[in-house]
Amino acid sequence: MISKNFDKLFVGAREVRLKAHVPYSKFKVGAAFLTEDNSIVVGCNVENAAYPQSQCAEASAIGSLISQGYKKIIEIVVIGSGDKLCSPCGGCRQRLREFSDLNVLIHMCNSSGHLKTSTLGNLLPDSFGPENL
Ligand code: THU
């Protein structure tokens, strides 16, 4: 057991990943967040014919988090495609920083299961966040 919430986060990310709109990269990503009240909020990547307008799964999940009235991310699962690690991109690390403490666990997975766990602090050292303003 990676953490007590891993399984339900994994299932949420795996299900939403299948809904990804990825006609260009064909690379489906699902993200699931644990919230303050132990709910699960999910999001998938949504690509666009104007490529830079595409949105990562983590950004979709953040939109959902805030839309549902939550303020904090407690734990994260990201599921990419294929066998290699799908770690959050640089932009998404910063997006996550807005709503996550540095010790928040980020479990990077593929559809078959867990590949690696890190923390936001490890993925984004010396970061700039709300308290730096
Ligand atoms: N992608 C994500 O959704 N999250 C990440 O952290 C890495 C990349 C998406 C963006 C694009 O739709 C596809 O994966 C290929 O880069």
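Atoms within each ligand, like the ligands themselves, are counted from 1 in listed order.
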Counting distance only, does the side-chain N/O of S39 pair as donor-acceptor with the main-chain N or O of T35 below 3.5 Å?
-> no
Taking it one step at a time, do R93 and S87 satisfy side-chain contact (heavy atoms from CB on, under 4.5 Å)?
-> CA-CA 9 Å; R93 294 176 194 202; S87 58; 3.2 Å; yes
Using heavy atoms and a strict 4.0 Å limit, residues surrounding ligand 1 turn out to be S25, F27, V29, N45, E47, C56, A57, E58, S87, P88, C89
Those residues at least two apart in sequence (or on a different chain) that pass side chain to side chain contact (heavy atoms under 4.5 Å, CB included) with S118 are M108, N122, L123
List in chain and number order the residues that pass ring pair (Phe, Tyr, Trp, His ring centres under 6.0 Å) with F10, two or more places apart in sequence or in another chain; answer none if no residue qualifies.
-> F6
Considering residues at least two apart in sequence or located in another chain, which fulfil the salt bridge (charged side-chain N to carboxylate O under 4.0 Å, His left out) criterion with R97?
-> E131
Compare all side-chain heavy atoms of L120 with those of D101 and state whether any distance is below 4.5 angstrom.
-> no
